[in-house]
Asker: 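Pasting a structure here, questions to come.
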Amino acid sequence: MADLSLINPDRQSRLLASAQRFVPALVLVVALVGILAYAQSAGDTFLIRVFTRIMIFGIVAVALNFVLGFGGMVSLMHASFIGVGGYVVAILAYHDANLEPLMIGPFAFTGTSDLAILLPLAIVVTVPFAALTGLISLRTSGTYFIMITLAFNQMAYYFFVALQAYGGEDGLQIINPITFGGLDLSQRSTFYLFTLSVLALTLVLVTLLVDSKFGIVLRAAAQNERRLSAIGIAPLRYKLLAFVISGTLTGMAGALLATGQQFISPADMSWSRSGELVVMVVMGGLGSVSGPLVGAAVYLGLELILESWTEYWHLAFGLLIVAMVTLLRGGIADLGTLVPWLGRNVSGGKN
Amino acid sequence: MSKPFLEVRNLVKRFGGLAATNNCSLEVMRGETHALIGPNGAGKTTLISQLQGQIRPDEGHIFLDGQDITETSMERRALSGMARSFQISSVFPKFTAIANAALAVQARKGDSFRFLGAAWLDRAMMDEAREAIELVGLGDRAEVLAQDLSHGERRQLELAMVLAMRPSLLLLDEPMAGMGKQDSARMTRLLADLKKNYTILLVEHDMNAVFALADRVSVLVAGRTIATGSPADIRANDDVKAAYLGHRQH
């Protein structure tokens, strides 16, 4: 599938090549609509909840992969973006339910439970957070980048732990039903479709970005920064902008997560969650735009299944991840290559 | 003669106690191919890195077309026409050959903050990239990932990227490094073609290539130019023979 090369416009119809990029995303979106249709006809609300969660983490994984797989930045602070976006929703919904305005210095803000306001607000809050932390983190690279983003994640985590007015370590419940304009998002299937729309937009956006001139520079920076400077492009601005875009998409997903589980707590933004996000991305495949969505589905699905089988599911889970990473170097997107590998072994056994 | 296009004045770069560039001065005239030779460890690559801006000198000045660029960033220098090829091939391994060249075109045009249209839909850019790829003889390897190219082909790709920048000054750091005889001869022919249109500062160990290509030669020994002159002068120069050629030719 999408390797990191450019398609030759001479050999293929440019329009076709342009459209083909969206096929994997389209297939996944159609499949997700199908799952909803099936769950509704079977009256399976559990399935709807599971896949809503998968889609939310799918948005995060796709956004994270934009900086990790394409930009070469291993961020361990993406859970903190989930937290920031989630707390924007939870805190304003809390003020809406209490009818107390939120006081920031001399300014009073009335609360709201409308995502049409809350989502843009989550963006407004995440952008400066991502820009500031990104600007500092991107002064380093490699292992140091990983460590500094980890540190930022923990700072954000303990900030919300210390925020006693909003539940501290216990987190914050959302009591009011969350809406989007006139849409009632406490309706499970409505929220499913709403989340799916955000996911679809994210997939389209990232697909466009990675092949754009901006995206090409980002991918080049991941491969060889010295060469990029030598041809006249300073990588920092591009990496920073990519980091902010990724963090903001993740913040929006955080707002959806809080809405879906009617709750947000520091546990949703722990550093181990950041690590899990990286595992989802690596499982799905770093080289493709929609692979990480599959990675998120497999990760959360496995977690759910193994959890129901045994108390020691972490062990089985760990072994599975090791097996996957060794056998599928390109992630689940590489599953096809495993088949001839199996075939070769089988025929070898016969001889 | 007119003013030099590139002028290096009393450049010094120390690494700890070692002066890798030791009060070095050099002039490259517009349109000339100027070879920089010297024994291993003479500081040739260090000098090139300072010219390109990757390393900042401790003392001295660098002028490009009369402008002091000593403190100018690498990126600015590249955009003002200074193009460097690296001694150890430095390309984007996961891009195709033509994509490597296209990125160099894109950098020059400065339109990298475009977010929606696919880069490869920019026909003018791709045409220019293809032209550069074909010029260096990689036409039928344009769609191959750079990591799958042979060593010699990667050297050619380096040169294609340099040319795609439409440079006014080429800094070529051992373009024939590690090449076999055949590739080496082809690269020499290619450079002989290019020297008609470009100002070139060429670092090279292959003396046949140097004497075939260079209009003038400077000899760098222990971080300092000990002689500059026509290839014939340099061959006849006793200091040079003692310091450099002498070692190599017996």
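Remember, it's a predicted structure, so these values are computed and weren't measured experimentally. Just so it is clear: chains get the letters A, B, ... in the order the sequence lines come, proteins before strands, and each one is counted from 1.
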Asker: With heavy-atom distances below 4.5 Å as the criterion, would you say the side chains of B:Phe92 and A:Arg219 are in contact?
Answerer: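 No. Closest side-chain heavy atoms not under 4.5 Å.
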
Asker: Can you give me the closest heavy-atom contact between B:Met165 and A:Ala230, atom names plus distance?
Answerer: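 Closest heavy-atom pair between B:Met165 and A:Ala230: CE-O, 3.3 Å.
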
Asker: Do the non-hydrogen side-chain atoms of B:Phe115 and A:Leu209 ever get within less than 4.5 Å of each other?
Answerer: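 Contact flag for B:Phe115/A:Leu209 side chains = yes.
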
Asker: In terms of heavy-atom pairs under 4.5 Å, which option from B:Ala146, B:Pro93, B:Ala142 contacts chain A the most?
Answerer: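 Max contact count across the listed options: B:Pro93.
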
Asker: To the nearest 0.5 Å, what is the distance between CD (A:Glu225) and OG (B:Ser90)?
Answerer: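 So the CD of A:Glu225 and the OG of B:Ser90 are separated by 11.5 Å.
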
Asker: With distance as the sole test, does A:Ser212 use its side chain to make a donor-acceptor pair with the main-chain N or O of B:Arg114 at under 3.5 Å?
Answerer: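 Present.
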
Asker: Give, as side chain, backbone, both or neither, the part of A:Leu228 having an atom under 4.5 angstrom from any heavy atom of chain B.
Answerer: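 It is both, since atoms from each part get that close.
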
Asker: Where on B:Ala104 is there a heavy atom nearer than 4.5 Å to chain A: the side chain, the backbone, both, or neither?
Answerer: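 Contact with chain A is through both the backbone and side chain of B:Ala104.
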
Asker: When rounded to the nearest 0.5 angstrom, what is the spacing between NZ in A:Lys213 and CG in B:Asp122?
Answerer: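 So the NZ of A:Lys213 and the CG of B:Asp122 are separated by 3.5 Å.
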
Asker: Sort B:Asn100 into side chain, backbone, both or neither according to what part of it lies under 4.5 angstrom from a heavy atom of chain A.
Answerer: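 Neither the backbone nor the side chain of B:Asn100 comes within 4.5 Å of chain A.
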
Asker: What is the ring orientation for B:Phe113 with A:Tyr238, classed by angle as parallel under 30°, tilted 30 to 60°, or perpendicular over 60°?
Answerer: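 Parallel.
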
Asker: Below 4.5 Å, heavy-atom pairs only: which of B:Ala118, B:Ala78, B:Ser112 has the largest tally toward chain A?
Answerer: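 Maximum pair count with chain A is reached by B:Ser112.
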
Asker: With heavy-atom distances below 4.5 Å as the criterion, would you say the side chains of B:Glu75 and A:Ile233 are in contact?
Answerer: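 Not touching, per the 4.5 Å side-chain cut-off.
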
Asker: State whether the side chain of A:Gln223 and the backbone N or O of B:Lys94 hold a donor-acceptor pair below 3.5 Å, judged by distance alone.
Answerer: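 Between the backbone of B:Lys94 and the side chain of A:Gln223 there is a qualifying donor-acceptor contact (under 3.5 Å).
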
Asker: Non-hydrogen atoms of chain A under 4.5 Å away: do they reach the side chain of B:Met74, the backbone, both or neither?
Answerer: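 Both backbone and side chain of B:Met74 come within 4.5 Å of chain A.
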
Asker: Is it the case that over 12 heavy atoms from other parts of the model lie below 6.0 angstrom from the CG atom of A:Leu236?
Answerer: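 Yes - once you tally the heavy atoms of other residues, nucleotides and ligands closer than 6.0 Å, there are more than 12.
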
Asker: With a 4.5 angstrom heavy-atom cut-off, which part of B:Glu158 approaches chain A: side chain, backbone, both or neither?
Answerer: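 Contact with chain A involves both backbone and side-chain atoms of B:Glu158.
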
Asker: Strictly less than 4.5 Å between heavy atoms, which residues of residues 55-67 of chain B line up against chain A? Please order them by number.
Answerer: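 The stretch does not come within 4.5 Å of chain A.
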
Asker: Do A:Ile216 and B:Trp120 have side chains that approach each other closer than 4.5 Å (heavy atoms only, starting at C-beta)?
Answerer: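 No, every pair of side-chain atoms sits at 4.5 Å or beyond.
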
Asker: So, is the end of the A:Arg226 side chain (NZ or CZ) under 6.0 Å from the ring centre of B:Phe86 and within 45° of the ring's axis?
Answerer: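 Yes - A:Arg226 lies over the ring of B:Phe86, closer than 6.0 Å to its centre and within 45° of its axis.
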
Asker: Keeping A:Asn224 on the side-chain end and B:Val91 on the backbone end, is there a donor-acceptor pair under 3.5 Å?
Answerer: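 Yes; judged by distance alone, with no hydrogens or angles, the pair exists.
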
Asker: Rounded to the nearest 0.5 Å, what's the gap from CZ on B:Arg77 to OG on A:Ser229? Could you check?
Answerer: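 Answer rounded to 0.5 Å: 12.0 Å.
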
Asker: Do you know the tightest heavy-atom contact between A:Ile231 and B:Ala107?
Answerer: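 Minimum heavy-atom contact is O-CB, 3.2 Å.
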
Asker: Find out whether A:Val217 and B:Gln106 are in side-chain contact, i.e. whether some heavy atom of one side chain is under 4.5 Å from a heavy atom of the other.
Answerer: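 A:Val217 reaches B:Gln106 side chain to side chain.
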
